[in-house]
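By convention here, the first residue in the shown sequence is residue 1.
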Amino acid sequence: MAFRHLRNVRGFFSDYYLGSVLGRGAGRGARKIASDRGTDQAYDRFRRIRERAEGRADDAPTCRERFIRPLLRDVLGFHLGAGENGIHRLFPSAEAEEVGERPLLLAYCGAWDEDLDVGRGR
């Protein structure tokens, strides 16, 4: 599924996923439609978050709080929950974490310039 208005640099997220997250629709089961205006607004939010964090988020905890958490919350609509050793739980909302729901997934939150393709010998 290709959306002409998504700027998916280097394919970090799939176009299908971005279209699903950034789409708009009403009610359960309603078809979501990604709009130019909506994706442009989300991209602008992402760009502002990135510009505020770049050069100021060198270590993992600072990168998590200045870049990863705002990206997940303000652009993609998720809540990054508690964690340790860089592994955090991801929830659909803060309320879901509070009531003890199972997380959607575990997310690794590393440093800004960390290369995830290089192993650490473990």
| When rounded to the nearest 0.5 angstrom, what distance separates OH in Y43 from CZ in R48? | 12.0 Å

| task | Please name the pair of heavy atoms, one in A107 and one in L80, separated by the smallest distance, quoted to 0.1 Å. | result | CB-CD1, 4.3 Å

| field | Pairs touching residues 67-79 that satisfy side-chain hydrogen bond (donor to acceptor under 3.5 Å, both in side chains), sequence neighbours left out | value | E65-R69, H79-E97

| field | Inter-residue atom distance E54.CD - R66.CZ, 0.5 Å rounding | value | 13.0 Å

| Of all heavy-atom pairs between I87 and Y108, which one has the smallest distance, and what is that distance? | CD1-CD1, 3.6 Å

| field | Qualifying residues under ring-ring contact (aromatic ring centres under 6.0 Å, His included), relative to F91, sequence neighbours excluded | value | none

| task | Return the minimal non-hydrogen interatomic distance between A111 and C63, and the atom names on each side. | result | C-SG, 4.0 Å

| message | Is it true that, when you exclude R50 itself, more than 12 heavy atoms of the residues, nucleotides or ligands shown sit nearer than 6.0 Å to its CZ? | response | no

| remark: Nearest heavy-atom contact between H88 and C109 is CD2-SG, 3.8 Å

| If you take all heavy atoms of W112 and A57, which pair is closest and at what distance? | CB-O, 3.0 Å

| task | Just jot down the salt bridge (Lys or Arg N to Asp or Glu O under 4.0 Å) partners of D59, sequence neighbours excluded, or say none. | result | none

| Are V99 and F78 in one and the same hydrophobic cluster, where Ile, Leu, Val, Met, Phe, Trp and Tyr link if side-chain heavy atoms are under 4.5 Å apart? | no

| said: What I'd like to find out is whether the side chain of L106 reaches to under 4.5 Å of the side chain of L90, using heavy atoms alone. | reply: no

| field | For I68 against G110, the heavy-atom pair lying closest together | value | CD1-O, 4.1 Å

